[in-house]
Amino acid sequence: MNLADVKTIELLLKPAGFDFKKSLGQNFLINEAVCPAMAKAACDENTGVLEIGPGIGVLTVELSKVAKRVVAIELDDRLRKILPKTLAECNNVEVIFGDAMKLDLAGIIAEKFADCDRVCVCANLPYYITSPIIMMLLESKLPIDNVTVMVQKEAAERLCAEVGSRESGAITVAVNYYAEPEILFEVDRFSFMPPPKVDSSVIKLNVRKEPPIKLNNEKAFFALVKAAFAQRRKTLVNTVSNTTGINKDDLRQALEELGLSPTVRSEQLTLEQLASLSNKLN
Ligand code: SAM
């Protein structure tokens with residue numbers, strides 16, 4: 001069964017009365033080349049793969065061919081009737097129905113992937129929760145090697161931007177703290193059914209074993225980063241002071257001691273400079 005074929009998808013979905021739910025980010029892949037490439041980039045025969053949102057299983061089947069084991073988490077109960085058919089020949093796949101944002105992923109990894117050398121997350125993510133899912137995966141410090149996911153092209157550019165460049169934001173800093181991000185390839189909007197309004201990119205976040213910077217207080221660092229990027233048009237001093245109430249003179253002095261201009265914008269600071277500023281303020 002070719003799950004990237006439009007006719008096959010219609011034959012599967014129509015009798016089940018399935019209609020695509022925009023609220024669940026349901027844009028299914030119909031480009032045959034994409035899923036094998038994602039699977040190859042994410043895992044090998046010793047890897048346990050956690051997939052979020054299998055849909056009808058087009059990526060799941062390809063992951064199953066490459067990986068040791070696949071656990072796919074799907075929120076939409078209507079796929080309970082369809083997935084057993086499409087995944088019938090995949091003996092190393094298990095589907096769990098539930099919300100990936102609410103399930104105990106650490107528990108699932110420990111239970112299902114104990115005999116795997118490494119674990120990764122691979123998914124064509126539902127776009128309405130791209131950032132929350134990525135941040136949840138990284139912040140919960142799951143024992144994962146990489147997160148290889150399809151996201152909107154603009155989100156990919158923001159997530160994988162260099163910290164200190166115009167494209168960077170608070171999420172760029174967070175992603176770079178936990179992982180080394182890279183954009184793998186672009187996928188145009190017509191590779192999906194129904195086509196979304198924007199093109200997409202597959203990105204790979206190679207999770208770091210150790211953070212690249214030394215922080216006195218991780219929580220304070222992320223609070224500072226959130227404040228620093230809250231008002232992008234303002235200088236760092238103004239936006240941080242407005243958002244956190246930290247005295248402007250203290251901020252100017254800290255910047256000066258780091259050899260930075262008091263009128264610097266947050267997007268001009270590197271990860272190391274943001275870390276030094278946070279450490280100085282704490
Ligand atoms: N993997 C399929 C593909 O590539 O064609 C489907 C991808 S579609 C972009 C996103 C999938 O995520 C849908 O199947 C949707 O029902 C599911 N989904 C949405 N929110 C979810 C959540 N919170 N937890 C798990 N799955 C979710």
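As the structure is a computational prediction, the values presented were derived from the model and not from experiment. Atoms within each ligand, like the ligands themselves, are counted from 1 in listed order.
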**Student:** Sort out for me which residue in Arg232, Lys234, Arg158, Arg233 forms a salt bridge (Lys or Arg N to Asp or Glu O under 4.0 Å) with Glu267.
**Tutor:**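 Output: one option passes, namely Arg232.
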**Student:** Return each pair, listed once, that meets ring pair (Phe, Tyr, Trp, His ring centres under 6.0 Å) where at least one residue sits in residues 246-280; pairs must be two or more places apart or across chains.
**Tutor:**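 Sorted pair list comes back empty.
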**Student:** Relative to the ring of Phe222, is the ring of Tyr177 parallel (under 30°), tilted (30 to 60°) or perpendicular (over 60°)?
**Tutor:**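 Answer is perpendicular, since the angle exceeds 60°.
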**Student:** Side chains of Thr8 and Asn2: donor-acceptor distance under 3.5 Å anywhere?
**Tutor:**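 Short answer, no.
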**Student:** side-chain contact (heavy atoms from CB on, under 4.5 Å) with Leu137: which of Leu105, Leu205, Val149, Val207?
**Tutor:**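 Answer after filtering Leu105, Leu205, Val149, Val207: Leu105.
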**Student:** Does CD in Glu154 sit with more than 12 non-hydrogen atoms of other residues, nucleotides or ligands closer than 6.0 Å?
**Tutor:**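 Enclosed: over 12 neighbouring heavy atoms sit under 6.0 Å from CD of Glu154.
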**Student:** If the criterion is any heavy atom closer than 4.0 Å to an atom of ligand 1, which residues make the list?
**Tutor:**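 Close residues (ligand 1, cut-off 4.0 Å): Leu24, Gly25, Gln26, Asn27, Phe28, Leu29, Glu51, Gly53, Pro54, Gly55, Val58, Ile73, Glu74, Leu75, Asp76, Gly98, Asp99, Ala100, Asn124, Leu125, Pro126, Tyr128, Ile129.
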